[in-house]
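Computed over heavy atoms, backbone and side chain alike; hydrogens, waters and symmetry mates excluded.
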Amino acid sequence: MSANPEVSTPAACDGVDERLPTGRLATLGLQHVMVMYAGAVAVPLIIGAALGLSKEQIAFLINADLLCCGLITIIQARGLGMFGIKLPVMMGVSFAAVSPMIAIGLDPQLGLPGIFGATILAGIFSILIAPVFSRLMGLFPPVVTGIIITVIGVTLMRVGLNWIGGGAPTITDPATGMSIPNPDYGSLENLGIALMVLTVILLITKFARGFLANVAVLIGLLVGFFVSLAMGRITFEGLDQTSWFAVVTPFHFGVPTFSWALLGAAAVLSLIMVVIMVESLGMFLALGSICGRPTDREALVRGLRTDGLGTLVGGIMNTFPHSSFSQNVGLVSVTGVRSRWVCVMGGAFLIMLGLFPKMAFIVASIPNYVLGGAGIVMFGMVAATGIKILMSANLNRNPYNPYIVAISLGFGMIPLVAEHLLDKMPPALAPLLHSGILLAAVSAILLNLFFNGMEKYADQGHTVESTAATQARKQAAAQKATEDSGNHLASQNG
């Protein structure tokens, strides 16, 4: 019988079900939170700044974000009925939907309630499609997913560059209501601090190792924040009036109302959720290999279904589409700690952070130009991920794939470089036609079907594995074989 009741030995030897001592569990859970915290709060900051929300409103979005991230993380890692893959997974708000959500929020017919209504519908769609999703993988070979992820990164880069400048190039004159140039946009102070944040991140990435390297973005943001605070460029006016504790209430910004525009917005976010599920599928397979617990079809469906549940609950609780965070998979690989209960503890920490508005208010005070220095890294890495996927898309051997890439990227750039090109199309189509991500995705899917047809992903009823997952599985098997060989030799020598 174990002397410590808090430590249990799992039936399997993979360590996924191992319950660690409370102190170690809390430390490792907090480490997971620190790795994903910057990414978790970035989306509400982006949306809030783009829609011109007040600090108080942005703080509420951050609280709702953290609370939902924590709740869905616990469900994903612990499991709840038909939800949860029961692996060490941290959940967060996805960057992929940022650009379409900004377009939806700026639409006077929709606004913030429209974003949340479209998020709810996209979550329902994701839950329903999860069981059959693996049968649709043929629509998303590397040439298609690579294009979509690249366009997501490039689209977000415009947001990051405007952040560096200090916000939008134009602002509304409170006296006249007219749009005027932003006098602070592109100031030397803004550019200098953004460059300093970027430099800190690069130095830590270059010279630090382990956990410190994993939180390079967070450290860069903190350095920029405190430098701006020392320069007197940050004020906490209104912090005294913010309560220490608050409960996030559903539909805080209003209940969404049905309209055709809302359905169009939901179609955009549903397509984004398909892309998110493609990414999550590969991540789950790789994580199962790292943990020594290969994921079968049933487990994959539970994990993908939880992405949809997080999105559904997020829309109700005033936040955005959710996905499984890949940076935390890297942390599992680096630390070798495979226990899913570490992520359950991380989810509990996120819930606690979501219940303290003062902390969220301080986070909401981070200036745009500070975020910009980190945004270049975060958004650029999204584009780099897409490019890496495209490198495996047989561009040299397949004569058609370069055409797919060229034309789809061209469609994806329309809202960025020719934003008024499609203004004369029916207004109901605006959320669709003004999303470069959607234009690129539809173009890539149709062109790939035209040139290459439906790619086969037969798995004989078992697991569908990506190339990355297969490599990870082989590495894990090789490592286990080495360990077994060493143990065998040791027993012989003994």
Worksheet item: So do the side chains of W341 and L20 get within less than 4.5 Å of each other, counting heavy atoms only?
Response: no
Worksheet item: Can you list the residues that meet the side chain to side chain donor-acceptor pair (under 3.5 Å) rule with S339, with sequence neighbours excluded?
Response: none
Discussion item. Measuring only between side-chain heavy atoms, which start at C-beta, is P415 closer than 4.5 Å to L439?
Written reply: yes
Worksheet, complete the sentence: When rounded to the nearest 0.5 Å, the distance separating CG of L61 from CG of L66 is 11.0 Å
Side-chain polar contacts of residues 119-126 - donor-acceptor pairs under 3.5 angstrom, sequence neighbours left out - could you list them?
| from | atom 1 | to | atom 2 | distance (Å) |
| --- | --- | --- | --- | --- |
| T119 | OG1 | I115 | O | 2.7 |
| S126 | OG | A122 | O | 2.8 |

Worksheet entry | Donor-acceptor under 3.5 Å (S443 side chain, A440 main chain) | no
Worksheet item: Mind checking whether S408 and I445 have side chains closer than 4.5 Å, heavy atoms only?
Response: no
Discussion item. Using the rule given for side chain to side chain contact (heavy atoms under 4.5 Å, CB included), can you reason through I164 versus I376, listing the C-alpha separation, both sets of side-chain angles and the distance that settles it, and then say yes or no?
Written reply: CA-CA 9 Å; I164 289 176; I376 291 293; 3.5 Å; yes
Discussion item. In terms of relative ring orientation, are F60 and H252 parallel, tilted or perpendicular, with 30° and 60° separating the classes?
Written reply: parallel
Fill in: F411 atom CZ, over 12 foreign heavy atoms within 6.0 Å
no
Discussion item. Side chain to side chain contact (heavy atoms under 4.5 Å, CB included), that's the test. Do T311 and H322 meet it? Break it down for me.
Written reply: CA-CA 5 Å; T311 301; H322 279 64; 4.3 Å; yes
Item to complete: Hey, could you give me the CG/CE distance between L67 and M352, rounded to the nearest 0.5 Å?
Response: 12.0 Å
Discussion item. Could you go through L350 and V33, starting from their C-alpha distance and side-chain angles, then the distance that decides it, and tell me whether this counts as side chain to side chain contact (heavy atoms under 4.5 Å, CB included)?
Written reply: CA-CA 7 Å; L350 287 171; V33 171; 3.9 Å; yes
Discussion item. Do L416 and T155 have side chains that approach each other closer than 4.5 Å (heavy atoms only, starting at C-beta)?
Written reply: yes
Fill in: Side-chain heavy-atom pair K86, V16 within 4.5 angstrom cut-off
no
Worksheet item: Between the main-chain N or O of T249 and the side-chain N or O of N318, is there a donor-acceptor pair closer than 3.5 Å?
Response: yes
Response to the item:
In this structure, CG of L45 is separated from CG of L221 (nearest 0.5 Å) by 9.0 Å
Worksheet, complete the sentence: Of all heavy-atom pairs linking S94 and V98, the shortest is O-CG2, 4.3 Å
Worksheet, complete the sentence: Nearest heavy-atom contact between G220 and I201 is CA-CG1, 4.0 Å
Worksheet item: What are the two closest heavy atoms between A64 and V248, and how far apart are they?
Response: CB-CG1, 3.8 Å
Item to complete: Please identify each residue that fulfils ring pair (Phe, Tyr, Trp, His ring centres under 6.0 Å) with Y369, with sequence neighbours left out.
Response: none
Worksheet item: Going from CG on L51 to CD1 on I104, what distance comes out if it is rounded to the nearest 0.5 angstrom?
Response: 10.5 Å
Practice prompt. Quick one: closest heavy-atom pair of S392 and P142, and the distance?
Written response: OG-CB, 3.9 Å
Worksheet item: Which atom names give the shortest non-hydrogen contact between P131 and R305, and what distance separates them?
Response: CG-NH2, 3.6 Å
Discussion item. Quick one, I129 and M277 - any side-chain contact, counting heavy atoms below 4.5 Å?
Written reply: yes
Worksheet item: Hey, are the side chains of P321 and I272 touching, using non-hydrogen atoms and a 4.5 Å cut-off?
Response: no
Fill in: With sequence neighbours excluded, residues passing side chain to side chain donor-acceptor pair (under 3.5 Å) with S270
none
Worksheet item: Sub-3.5 Å donor-acceptor pair from the side chain of T319 to the main-chain atoms of G315, do we have one?
Response: no
Worksheet entry | Side-chain donor/acceptor of R302 to backbone N/O of F83, under 3.5 Å | no
Discussion item. Please report the interatomic distance CD1(I147) to CG(N448), rounded to the nearest 0.5 Å.
Written reply: 8.0 Å
Practice prompt. Output all residues satisfying side chain to side chain contact (heavy atoms under 4.5 Å, CB included) with S54, sequence neighbours left out; order by chain, then residue number.
Written response: E56, Q57
Fill in: Polar side-chain atom of R78 near backbone of V344 as donor-acceptor pair, under 3.5 Å
no
Worksheet item: Is there side-chain contact between E18 and R338, with heavy atoms separated by less than 4.5 Å?
Response: no
Fill in: Smallest separation among heavy atoms of I62 and P44, with atom names
CG1-CB, 3.9 Å
Could you give the side-chain donor-acceptor pairs of residues 68-76 under 3.5 Å, partners two or more places apart or in another chain?
| from | atom 1 | to | atom 2 | distance (Å) |
| --- | --- | --- | --- | --- |
| T73 | OG1 | C69 | O | 2.7 |
| T73 | OG1 | M91 | N | 2.9 |
| Q76 | OE1 | I85 | N | 2.9 |
| Q76 | OE1 | T306 | OG1 | 3.4 |
| Q76 | NE2 | G303 | O | 3.3 |

Worksheet item: Hey, what do you get for CH2 (W163) to CE (M157), rounding to the nearest 0.5 Å?
Response: 11.0 Å
Discussion item. Show, in sequence, the C-alpha distance, side-chain angles and deciding distance for S324 and F284, and conclude whether the side chain to side chain contact (heavy atoms under 4.5 Å, CB included) test is met.
Written reply: CA-CA 9 Å; S324 305; F284 292 151; 3.4 Å; yes
